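None of the values given here were measured: they were computed from a predicted structure.
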Amino acid sequence: MLNYNSPIMETKEYPDIKISEVEPILKINLRGKNRDFVTKVGKELSIIPPVDPNTSSSNEKLNLLWLSPDEWFLYSNNKIELKDSNFLEDSLFNEISKKKLGSVTNVSDHWVKINLSGTKIFDLLSAGCPFNFSNFKNSKGAVTQTLVNHIDVIIHNKNTNELNLFVRRSFSMHLWSWLNDSARFI
Amino acid sequence: MKNKYSIFSLIKNAFSYHENWQRAWRDPVPKKEYEAIIIGGGGHGLATAFYLAKKHNMKNIAVVEKGWIGGGNTGRNTTIIRSNYLWDASAGLYDHALKIWEGLSQELNYNVMFSQRGVMNLAHNLQDVRDLKRRTHANRLNGIDAVWLNTEEVKKFCPIINTSPDIRYPVLGGTLQRRAGTARHDAVAWGYARAADAMGVDIIQNCEVKGIKRNGDSVEGIETTKGFIKTKKIGVVAAGHSSVIANMVDLKLPLESKPLQALVSEPVKPIIDTVVMSNAVHAYVSQSDKGELVIGAGTDAYISYTQRGSHDVVEGTLKAILELYPIFSRMKMLRQWGGIVDICPDASPIISKTHIKGLYFNCGWGTGGFKATPGSGDLFAHTIANNEPHKLNADFNINRFVSGDLVDEHGAAAVAH
Amino acid sequence: MFLINCPYCGERDQSEFSAGGEAHIVRPKQPTELSDDEWAEFLFMRKNIKGIQFERWNHAHGCRKWFNVIRDTSNDKIHAVYKMGEEPPIK
Amino acid sequence: MSKNLRIINSKYIDQTSRISFKFDGKTLYGFKGDTLASALLANDIHLVGRSFKYHRPRGIMACGPEEPNAIVQVGSDASMTEPNTRATEIELYEGLEASSQNCWPSVNFDIGAVNNFFSPLIPAAFYYKTFMWPANFWKLYEYFIRKSAGLGKSPTEPDKDIYDHRYLHCDVLVVGGGISGIIAAKTAAKNNFNTLLIDDKNILGGTTLFQKNECFKINNSYSNEWLKKEIENLKSLKNLTIKTRTSLAAYHSYNYLLARENLTDHLDLNEKKDKIRQRLWKIRAKKVIIATGAMERPLIFNNNDRPGIMLSSSIKKYIDYYGVKCGQQISLFTNNDSAYETAISLSNSGVSVNSVIDIRDKSNSLIVKQAEKLGIKIHWKHTVVNTNGYKKINSIEIMKLSDDGTTVVGKKMKEGCDCLGISGGWTPRVHLFTQSGGKLKFRDNDNVFLPDKSELDQISIGSCNGDFELDEVTKNSVNLINKFLKVNNNDYENLEIISSKEIDKKNIWLLPSDKPLGKTKPFLDFQNDSTANDVKLALREGFKSIEHVKRYTTTGMATDQGKLSNMHALGIIAETAGVKMGELGTTTFRPPYTPLTFGAIVGRNVGEFFDITRKTPIHDWHAKHNAEFENVGQWKRAWYYPIGNENMHEAVQRESKAARDSAGILDASTLGKIDIQGSDASEFLNRVYTNAWSKLEIGKCRYGLMLNEDGMVYDDGVTTRISENHYLMTTTTGGAANVLGKLEDYLQTEWPELDVYLTSVTDHYATVSICGPNSKKILSKVIPDLNLSDKEFPHMSFKNALIDNIKCRVMRISFTGEHSYEINIQSSYGKSLWEKCFEAGKEFNITPYGTETMHLLRAEKGFIIAGQDTDGTMTPVDLQMDWIISKKKYDFIGKRSLYRSDTIRDDRKQLVGLLTDDPKEVLEEGAQIVLETKKQPIEMLGHVTSSYFSPNLNKSIALAVVKNGKKLKGQKMFVPMKNKTINVTITDTVFLDKENKRLNA
């Protein structure tokens, strides 16, 4: 049997800050331009891809994040069975990519999901992130793509003082140790 | 004739409380016409005028400068002088300059403080090593004094460098040119100005060029803020503003003008007595005679004429400095500034005629122009005087961008752009 | 550090973007028909304007979209941004 | 023995907490709240340093960042010492050690002082005029010049302190916590602006904080008491953040500002550890209010630089705030009213004021009247013509000014004193405003540059905007703030303000003396030792612009950046050259406002965080098997795996042999991978690669070469057709990001009509590559149910497969020339798959190999590495890869450039193989290749790009680029090294298995 290794597999707590890696979860990148694509995705996921920049739509299982006018990022809230994720990926691929409506790409292991919670998480990010969180903070579901300590990230405002941060796997260990080093001084 | 500078003239003048020193250069009103006009009163422009007068016996020439002489990149660079370039054409050009540097103070009777303290280029990855060794071999065969140093030898030559194998990008060796070094940038402009003035060259400051008058395919003169000046030969040495002049005659050049920043620390007692450059992590440092650490930062990617760059570039450079010299962490940045560098796609300059008769361009020096000042002036003067390039600058013509015969020096250029 | 108003994501710090040089230099549809000079014009020759310049930027660390910016290169002031394919809002 | 000059009553100094510190090795005492400067003065120490050029004794002159003289070395620890620190800004702490700089052997007896004797010989810029003979002696001269120059000493060990960064966004940033800054912050915060107030001192209030004078009252209470209440009220404002000990360093465009917060410099030695020393705040403010106040100007007269000569306002702060007497017989010298505030403060504290020398004819202001009431002697229309005392001033010489103020008349009076306060008026701190690109205007009646136009959303208020009187400061600030914030705050309506008004003004930039100018030393830039004479010399020699004069005389270029000297330099230039100061313009103030440690600028981006480190999913396995790693871009790649005490050569020889003899395994996860989907995918590939793609069958792989528009090779890799409209492209490790960016650029801007989507999957897949004759056997163990027959699964094809139910893609492609497979599996299973393959391969001695062996193996086959065998000047033709350029295709990126007059030359540098006559001799990569070693200059025809000793061929092999190489096969050539010349022969680029038999072995 092949065993599963995610890069971090840790949870760390600091005063008013908790950071942890949450894996394995499904992540799929969706690209498409026309209306048919949008309706098809809506039908497959029962979530309509948000058209407003920097927003997301969610149900109890899945989140669909706006990344750009023709790109969305789908991720599951919880650990998901391999067969289920394969099924979802295949059906999306067959309905969208095969039918020339856009593209469907599994990026489950391209991105690593780090969950940040606590009242000081925005101070933590501000140690290395030029993004202005003042409005983002208070709008649940808000999404931004930006840089944290020079590393590309997708940040999803999941709840008050709770964020899901996505970082490319090969960068994740570096970002993780930077987050921990920074947390010492918040 | 100007009175000669020397320790004796200093003593003599001391008795009159230094009240009898002559002007270093006149402040003439423009004549109606000149044999040739140099646009741009930086080091290259002033040197061009000097050699036109000295070697080509053209006395009736003027240098027009929109601000004050030496106020552009001449006074804003980190004064590194070296000739360890890869390609034969570049090696020829820059070593020609280096040879002139070696006697320049005496030639100009002005101490330009050319200090041959050596320039060392460091390698931080295997491809760096290949590229720098390739350059070292090429330099050697071109008669340029470059030697390869292994990590221990690097440490021996400059002990304060962190050569630990544990740093993120360890020093894997380097190439050293001992004849290379630094000079006092202002003195270069002032020295050439004084010497050129002594030979009758008119240096006209605060005179901005507004247009170039043409008659068909040849130039007739320049429109300036001080009126029209007639001439049949115009040498443009306007660095970052080359395209501005070129656009006056609808000439497009393969140039982009970008911000290049530099900074100095507060002065301290001697701590580093050579010049160390590191392209891979982007750190260049030397120490001025005054004691300031002189640090060159990188270029920004966007076009700008503001003489200001973005802070990230400065931060990026200093973090590389601290990676290689952790002892400098408590040193303080005293002053930072920016210049406008005109960059060619192949990181090599243009010293060339144009399709317009009597119009010559000397530009595209990017981040490395200062080191070439005397050679650039000498060869540009030759090109203007003979309406033909000297063999040393023949390869640096504008046409190379059409034929594709580029002189790609990205590897050897100070700042990889 | 500029503040650049990405037409898709809104105002962001310059560090999220990368500059792409002069805008509206269209790649020739039939390169093989061009003379060496014409090709060099496309390849290398630039206006390098001091003043109002139309230029390309990419929101590289955001939505990854390319767009156009109208910026005064003599003081770095940004006058307008507009999407690829759109007409410049200012002439 | 030093006396104690401390007076009892000062609210700001805790006189119960005695602190011991060391200065020049001597143990002294001060109190919490002192600066090093105030503590030294309290111990009657004025002499703290020597000047830069003449090594003249210099004392404390000011009380803030403008201090030019009191620059000390803090600490003696090799890693923690800090040079060039202003004693006026160092907060005293237990254990502080400081010492004078630029003097030897000691500040009291300094050998360098001989320079002062030679000073007539070394005017401004003398060094440009001499040290030229003999020519080769400059090195020697320079050695001594450098030794005597410089101020403090750099640390010699790495810094132990930690620095940090923090981004901050606010609606309103207020810079400066003086009276106008307080008003601004309160108004902004009360009106719901998210506001940040910063001040570089440890306490808010500016100079008003200790302004207890009948002439300055607000609503019938002393201005300081009124302000204290205001500061109290700030505490209740929730929108307001206050940061003290925070100095604004730089004001960039787009209201991007940098501020340095000092967190531990004021703490006792034992409290500093493991805390952040300085934090750099990167502030993005919607609106900026500058309230940075003004600096007092000195006066320029003969010998105005002796220890004991201080700014009058500083003497006032030392007595009123620190409770320190700067002397016991103090004289004051002024051209304006503010010196009288000092006089009053002094006499109120019982310090005797000899007299006030005032160059004006008279002044009837409130404050002067009050001084006269206190019986303070005033010499109207007089000037100081000279001062005496070497290490400390002991007397001044006074004479009457002529009516036009250009000369002195009458007889000289001598006045004894141990301290002279000088006041030349005030200079608004416009530094930040100009840094931000703002333009200045000149106000003639008191000779000040004021903020004028700015592109940014900012204002300047208070004395940095030219309002010097208390009533102006308050009233104008309130109005400006309301207008700027578009609010109507009536807190400050109808304040009753008593304020002295200065009516009589007079200014003389260079005060006359009874001696000829040449014989005097009127200092302008105290630290750099440039005098008014130097400036006049520069002008005489034709240096006209302020920038020229500044550079020629070094005026304003010391560590204080001319805060005290610039205005007088400008004044003297204007006077001498006969131009208006307004027209002359000022020098550009460049960031930072005060010197900023490299540490603060860099923050925690040092050591581990200097640059990102990228690791593959299999990294830990490599580390565990003692791999040496190579940096490839930001990646760490396994380089080679030494066993026991093998060196790199031995390890690589073993790995290479094993890979060809049996089986090798490589971690190829770092290769860039781009998932391409869309109905125009094939057409897209046709345009970006040089070869044709439309006909590539589904399930097949193809090698592609990508060019720049200039025709030069840019990147390469294998792309696989997964299904009709679905491809997986691989790029080089280093090229991945750039290639994706470049392709997106073309899609978005040049070919928007194409229906193609690109998604990076580089990190999603781990790539395990197995090669060698036994690779097939091993794979069949790993994926039993996959048919590996050459017919079913030929070279350059791919299969989907399942390994323990995990989807993976298997490509049969080869970069080594061996029969080999690349398995792409989602990264989380990468390590496990690697281990599985390793297990399966054990019986075949499967050997992990790194990048070095990979490079060797591919070189045996003559495969190029973009970036090693190419350098941005090589076309596919140069690489002898003409076969990969589709003749049919109408266009592809870079095609046109291949047909330029230079790129079609057939004698360009071309890729060839190289064999050394001595098969043991391994060429150095980068070595040059020549045909003719005799005649100079030696013509270089090319260079070695790749070179190895091949264990499989048991000889040295190399790839090289050589001019006209294609035609030179079999040609003997030379590789001239430093100490020998190596004979080589040009060969084909393929050294091993030319018929590619091994691919299907």
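A distance-only check finds no donor-acceptor pair linking the side chain of D:Thr130 to the backbone of D:Tyr127 [under 3.5 Å]. Side-chain atoms of B:Gln287 come within 3.5 Å of backbone N or O of B:Val268 as a donor-acceptor pair. Judged by distance alone, with hydrogens and angles left aside, the side-chain atoms of B:Gln336 form no donor-acceptor pair with the main-chain N or O of B:Met333 at under 3.5 Å. A distance-only check finds no donor-acceptor pair linking the side chain of B:Asn162 to the backbone of B:Tyr325 [under 3.5 Å]. Using a distance-only test at 3.5 Å, with no hydrogens or angles considered, no donor-acceptor pair links the side chain of D:Asn708 to the main chain of D:Gly711.
For B:Asp27, the part sitting under 4.5 Å from any heavy atom of chain D is the side chain, from C-beta outward, and nothing else. Residue contact with chain B, scored on non-hydrogen atoms closer than 4.5 Å, is absent for D:Glu608. In this structure, the portion of B:Trp190 lying under 4.5 Å from any heavy atom of chain D is its side chain and not its backbone. For a residue to count as touching a neighbouring chain, one of its non-hydrogen atoms must lie under 4.5 Å from one of that chain's; by this rule D:His548 touches chain B with backbone and side chain alike. Of the two parts of D:Ser148, only the backbone, made up of N, CA, C and O, holds a non-hydrogen atom closer than 4.5 Å to a non-hydrogen atom of chain B. For chain D, no part of B:Asn13 is nearby; none of its heavy atoms comes within less than 4.5 Å. Residue D:Leu258 touches chain B through its side chain alone, counting heavy-atom pairs closer than 4.5 Å. Residue contact with chain B, scored on non-hydrogen atoms closer than 4.5 Å, involves the side chain of D:Lys282 exclusively. Proximity to chain D (any heavy atom under 4.5 Å) is restricted, for B:Ser288, to the backbone atoms N, CA, C and O. With a 4.5 angstrom heavy-atom cutoff, B:Ala320 touches chain D via backbone and side-chain atoms both. Proximity to chain D is absent for every atom of B:Ile167, based on heavy atoms less than 4.5 angstrom apart. Using a 4.5 Å cut-off between heavy atoms, B:Asp88 contacts chain D through its side chain alone, with no backbone atom that close. Contacts between B:Glu315 and chain D at a heavy-atom distance below 4.5 Å involve backbone atoms as well as side-chain atoms. Contacts between B:Leu406 and chain D at a heavy-atom distance below 4.5 Å are absent for every atom of the residue. Neither the backbone nor the side chain of B:Arg194 comes within less than 4.5 Å of any heavy atom of chain D. Using a 4.5 Å cut-off between heavy atoms, D:Ala125 does not touch chain B at all. Both the backbone and the side chain of B:Leu334 come within contact range of chain D, with heavy atoms under 4.5 Å apart. For B:Leu10, the parts sitting under 4.5 Å from any heavy atom of chain D are the backbone and the side chain alike. Contact annotation for B:Arg184: only side-chain heavy atoms (C-beta onward) come within less than 4.5 Å of a heavy atom of chain D. In this structure, chain B has no heavy atom under 4.5 Å from any part of D:Asp534. With a threshold of 4.5 angstrom between heavy atoms, B:Gln205 approaches chain D through side-chain atoms but not through N, CA, C or O. When heavy atoms are compared at a cutoff of 4.5 Å, D:Ile612 approaches chain B solely by way of its backbone atoms N, CA, C and O. With a 4.5 Å cut-off on non-hydrogen atoms, D:Glu547 does not touch chain B at all.
For the pair B:Ile295 and B:Val264, the minimum side-chain heavy-atom distance is 4.5 Å or more. Residues B:Arg23 and D:Arg540 form no side-chain contact, since every pair of their non-hydrogen atoms from C-beta on lies 4.5 Å or further apart. A heavy-atom distance below 4.5 Å is not found between the side chains of D:Thr81 and D:Val74.
Taken to the nearest 0.5 Å, the CD atom of D:Gln868 stands 3.5 Å off from the CZ atom of B:Arg130.
Taking chain D as the reference chain and counting heavy-atom pairs below 4.5 Å, the highest number among B:Glu292, B:Gln127, B:Arg140 is found for B:Arg140. Taking B:Tyr17, B:Phe114, B:Trp68, B:Tyr110 one by one and counting their heavy-atom pairs under 4.5 Å with chain D, the maximum is reached by B:Trp68. Between chain B and the residues D:Ala78, D:Gly150, D:Pro83, the most heavy-atom pairs under 4.5 angstrom are made by D:Gly150. For the options D:Ser901, D:Pro937, D:Pro591, D:Ala149, heavy-atom pairs under 4.5 Å to chain B are most numerous at D:Pro591. If you tally non-hydrogen atom pairs under 4.5 Å between each of D:His252, D:Arg908, D:Met557 and chain B, the highest count goes to D:Met557. For the options B:Glu19, B:Lys269, B:His124, heavy-atom pairs under 4.5 Å to chain D are most numerous at B:Lys269. For chain D, the option among B:Asn109, B:Leu263, B:Asn206, B:Asp289 with the highest count of heavy-atom pairs below 4.5 Å is B:Asp289. Of the residues considered (D:Met712, D:Gln278, D:Gln634), D:Gln634 shows the highest number of contacts with chain B, using heavy-atom pairs under 4.5 Å. Contacts with chain B were tallied for D:Arg905, D:Lys544, D:Lys636; D:Lys544 has the most, counting heavy-atom pairs under 4.5 Å. Of all the listed residues (B:Trp25, B:Phe15, B:Tyr169, B:Trp148), the one sharing the greatest number of non-hydrogen pairs under 4.5 Å with chain D is B:Tyr169. Of the residues considered (D:Pro592, D:Pro123, D:Ser545, D:Ala927), D:Ser545 shows the highest number of contacts with chain B, using heavy-atom pairs under 4.5 Å. Among B:Ser9, B:Ala280, B:Ser115, the residue with the largest count of heavy-atom pairs under 4.5 Å with chain D is B:Ser115.
Exactly one of D:Gln73, D:Gln101, D:Gln527 qualifies for a side-chain hydrogen bond (donor to acceptor under 3.5 Å, both in side chains) with D:Asn84. That residue is D:Gln101. With respect to B:Arg400, the side-chain hydrogen bond (donor to acceptor under 3.5 Å, both in side chains) criterion is satisfied by exactly one of B:Asp395, B:Asp346, B:Asp405: B:Asp346.
No side-chain N or O of D:Ser897 forms a donor-acceptor pair with one of D:Asp710 less than 3.5 Å apart.
With a 6.0 Å radius and a threshold of 12 heavy atoms from other residues, nucleotides or ligands, D:Lys139 has its NZ atom above the threshold.
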Original post:
ring pair (Phe, Tyr, Trp, His ring centres under 6.0 Å) between D:Phe543 and D:Tyr552: does it pass, once the steps are laid out?
Top reply: CA-CA 8 Å; D:Phe543 295 85; D:Tyr552 195 64; 3.9 Å; yes
Subject >> Full working for side-chain hydrogen bond (donor to acceptor under 3.5 Å, both in side chains) between D:Ser79 and D:Lys160 >> reply: CA-CA 7 Å; D:Ser79 70; D:Lys160 296 195 194 83; 2.8 Å; yes
**OP:** Could you go through the ring pair (Phe, Tyr, Trp, His ring centres under 6.0 Å) check for B:Tyr5 and B:Trp21 one step at a time?
**Re:** CA-CA 10 Å; B:Tyr5 287 163; B:Trp21 286 107; 5.8 Å; yes
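Salt-bridge formation is detected for the pair D:Glu142/B:Arg117: a Lys NZ or Arg NE/NH1/NH2 atom is positioned less than 4.0 Å from an Asp or Glu carboxylate oxygen.
In this structure, B:Lys319 forms no cation-pi arrangement with D:Phe609, as its terminal cationic atom is not both closer than 6.0 Å to the ring centre and no more than 45° off the ring axis.
The salt bridge (Lys or Arg N to Asp or Glu O under 4.0 Å) check on D:Lys153 picks up nothing, with sequence neighbours excluded.
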